[in-house]
Amino acid sequence: MSTLTALARAEAVAAGRAQRITTVRHLHVADRPLVLIPLSMAGEANAPLAALVGDDVAAPRLLLVPQPRNRDQRFGFAAELAEVLLPYLDSFRGVAEPVAVNRGREVRYRYADAPQVLVPNPAGIGFVRMFGRSTRFRRTDGDYPVRPDVPLLGRWLTFLADRAEHPGSGMLLAMTDALGLHWATGQSALEDAHLAALMAWIDPQEGLTGADAATIAEDPLRWPPAGPVTDPTFDNEVLAPATAGYEEAAAGGDEARRERARGVLEEAVRSQLTPTWELMWRGVALLRQLPVGSRVAGRWAEDRDVFSTFALYVDGGGHPQPRRDGAVNAAHRLHRLERASQSYAVQRAYDDPLVMADHRLTGEAFVGEVTLADPHRIDDSGKRRVLRPRIQVTTADVVLVPVGAVLHSPGRPGQQARVVFVTPDAAAGRTDVVLELSGGLGRSLSPAPGSVPEVGDRLCYTTLSDSFMPPGEFPSRDETPWTHGGPPKAYEEPAEPSADDAREEWA
């Protein structure tokens with residue numbers, strides 16, 4: 001937790017209401033997201049009980065598994081989920097747009113939009129991952145066959161769950177994470193994982209505020225848990241009798257009684273899911289009210305690229321994702337996630353002064369006013385004369401960057417500023433920083449208009465860089481040892497010992 005977030009949590013306690021910790025929205029909110037609220041049976045690994053799903057707030061679809069331990073019913077649930085999710089995914093594949101690559105010499109195409117699936121909490125993402133793993137390898141023939149769309153559903157669920165690990169991606173989001181990224185409450189991060197309690201701090205509805213509203217929201221009788229695990233009291237007092245009634249009716253062979261028992265079970269499950277459904281769409285509305293950050297569109301374009309690539313892979317008959325990555329693929333994946341995490345942190349800071357303020361506290365950034373400027377300075381110390389303007393920035397922030405460090409300004413991303421002098425003035429409570437500029441100045445020895453900051457401009461400079469980071473180099477699978485998935489070492493038969501060898505051994 002950063003210093004400013006801790007301060008915001010303290011202010012939330014004092015004010016009785018969550019505090020904004022960003023000035024903009026740092027994630028994409030689709031025009032037509034799909035909300036998925038899964039429930040699983042307590043004590044059973046990956047045994048779905050029900051789900052409320054849909055992209056229309058007024059028309060959710062309830063999927064139910066009356067007997068979660070029944071294999072056929074579980075995969076019947078998967079087939080019903082496929083009937084909802086796969087058409088939703090396909091609806092984004094109608095319009096493609098050209099994208100220039102290789103410096104404009106080539107053109108590729110990607111879909112103009114991509115799907116966005118919203119679940120209540122990180123445990124919902126875990127459910128998507130586990131359910132995708134349990135369905136993507138199922139056979140459509142032979143013993144225990146499933147419908148052809150079930151393994152296809154599993155591959156798409158696995159794709160979405162993998163994408164959720166990518167920092168900044170918006171294709172599969174947990175609502176608690178999305179809201180917690182923009183608001184700080186007066187409760188712990190663990191308590192923020194309860195969607196109703198989190199919403200009670202951000203958007204109270206009953207006239208109460210703060211801890212009082214959160215306490216009411218944690219009452220399972222009024223606001224059931226957002227899944228995928230149900231409340232134990234509900235399991236014992238409501239779900240267990242309803243399930244037993246359905247099993248008894250099904251065993252008796254009375255179709256009318258079985259349908260009545262199913263209706264009772266559906267009503268019981270719907271009572272647990274409907275409050276969360278309403279909370280999810282309230283959360284979507286809250287996020288839409290925030291102004292979007294300037295770099296969110298670029299991250300969503302990357303999501304559309306990945307979605308387009310995977311859709312073509314599936315259409316081409318590609319194999320299901322493996323159960324686990326090999327050594328080289330795992331290293332590639334970890335490297336990509338590390339690069340994405342670093343880039344996402346920088347982009348958030350560039351988009352948002354409140355996020356950048358955390359870096360100002362740690363000395364990685366400072367904000368000041370330009371007090372001197374020499375826009376036409378020429379550096380002739382090298383083989384050729386180059387334009388190297390200098391400016392002096394006066395700041396009240398603590399400046400910890402060393403002389404020679406290269407800084408960047410969020411407002412001038414294509415320009416670099418090298419620190420030439422740092423002159424602190426403790427008596428005046430300020431520091432003068434002289435910077436030498438390069439890049440983004442034009443092609444002549446005279447700066448392009450507006451390329452050099454003018455006296456009086458207020459700027460932010462930071463060590464954080466949003467420039468391109470080249471990918472790492474990794475060996476191919478064949479170049480790794482057999483312990484890491486490479487080819488096994490050739491086995492050689494030991495030679496028969498000679499009589500001389502035997503005599504030497506006994507000697």
Side-chain angles (χ1 to χ4, degrees), residues 32-42 44 46-89 115 117-121 123-125 127-128 130-132 134-135 147 149-150 153 156-157 160 172 175 195-196 220-231 234-235 237-247 249-250 255-284:
R32 187 170 59 91
L34 181 81
V35 172
L36 171 63
I37 307 173
L39 280 184
S40 59
M41 185 176 183
E44 294 286 337
N46 199 38
L49 169 65
L52 201 60
V53 60
D55 58 358
D56 184 353
V57 62
R61 179 173 174 179
L62 177 63
L63 311 179
L64 179 66
V65 185
Q67 296 172 310
R69 294 187 181 91
N70 185 297
R71 179 190 180 281
D72 293 336
Q73 290 191 20
R74 288 204 305 269
F75 288 107
F77 168 87
E80 289 187 83
L81 182 58
E83 291 176 356
V84 179
L85 182 62
L86 295 183
Y88 173 76
L89 298 174
V117 179
L118 304 177
V119 294
N121 46 43
I125 296 178
F127 177 91
V128 170
M130 289 296 294
F131 200 62
S134 69
T135 53
R147 277 178 25 181
D149 53 358
V150 170
L153 169 73
W156 276 108
L157 291 178
L160 292 172
L172 176 61
M175 182 58 70
L195 181 58
L221 297 179
R222 303 186 63 177
W223 293 100
V229 180
T230 53
D231 178 64
F234 168 78
D235 289 344
E237 299 181 1
V238 180
L239 182 61
T243 302
Y246 177 85
E247 292 176 349
E255 186 64 24
R257 183 184 173 194
R258 188 179 70 86
E259 287 301 318
R260 288 195 300 270
R262 181 184 175 90
V264 171
L265 185 55
E266 285 184 356
E267 287 303 315
V269 171
R270 191 183 295 273
S271 69
Q272 296 293 292
L273 293 171
T274 299
T276 301
W277 177 265
E278 296 170 354
L279 288 174
M280 291 290 289
W281 289 102
R282 278 174 54 193
V284 170

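As a basis for the values below, the full set of heavy atoms in this structure was taken, side chains included, without hydrogen atoms, waters or symmetry mates.
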Salt-bridge criterion met for [X] and [Y] (N-O under 4.0 Å):
X	Y	value
R147	E83	yes
R282	E278	no
R262	E259	no

Q | Step-by-step side-chain contact (heavy atoms from CB on, under 4.5 Å) determination, L81 to L36 | A | CA-CA 10 Å; L81 182 58; L36 171 63; 4.2 Å; yes
Rounded to the nearest 0.5 Å, what's the gap from [atom1] on [X] to [atom2] on [Y]? Could you check?
X	Y	atom1	atom2	value
E80	D149	CD	CG	11.0 Å
M130	T135	CE	OG1	11.0 Å
L85	L34	CG	CG	6.0 Å
R270	L62	CZ	CG	4.5 Å
T230	D235	OG1	CG	3.0 Å
L86	W156	CG	CH2	9.0 Å

Side chain of [X], backbone of [Y]: donor and acceptor closer than 3.5 Å?
X	Y	answer
S40	P228	yes
W277	P60	no
T274	S271	no
N121	M175	no

Minimum heavy-atom separation for [X] and [Y], please, with both atom names.
X	Y	result
L64	V269	CD1-CG2, 3.9 Å
P38	G124	CG-CA, 4.4 Å
P115	Y88	CB-CE2, 3.5 Å
R74	A47	CD-CA, 4.2 Å
L157	G132	CB-CA, 3.8 Å
A50	L273	CB-CD1, 4.3 Å

Within the 4.5 Å heavy-atom criterion, are [X] and [Y] side-chain neighbours or not?
X	Y	result
L172	I125	yes
V35	V53	no
L195	T276	yes
L279	W223	yes

**Q.** Residue pairs fulfilling ring pair (Phe, Tyr, Trp, His ring centres under 6.0 Å) with at least one residue in residues 55-77, sequence neighbours excluded
**A.** F77-F131
Q: Going by the side-chain hydrogen bond (donor to acceptor under 3.5 Å, both in side chains) test, name the single residue among R258, R257, Q67 that passes it with Y246.
A: R258
(Q) Taking side-chain contact (heavy atoms from CB on, under 4.5 Å) as the criterion, tell me which of D231, L49, L39 meets it with L239. (A) L49
Q) Taking everything shown except R61 itself, do over 12 heavy atoms lie less than 6.0 Å from its CZ? A) yes
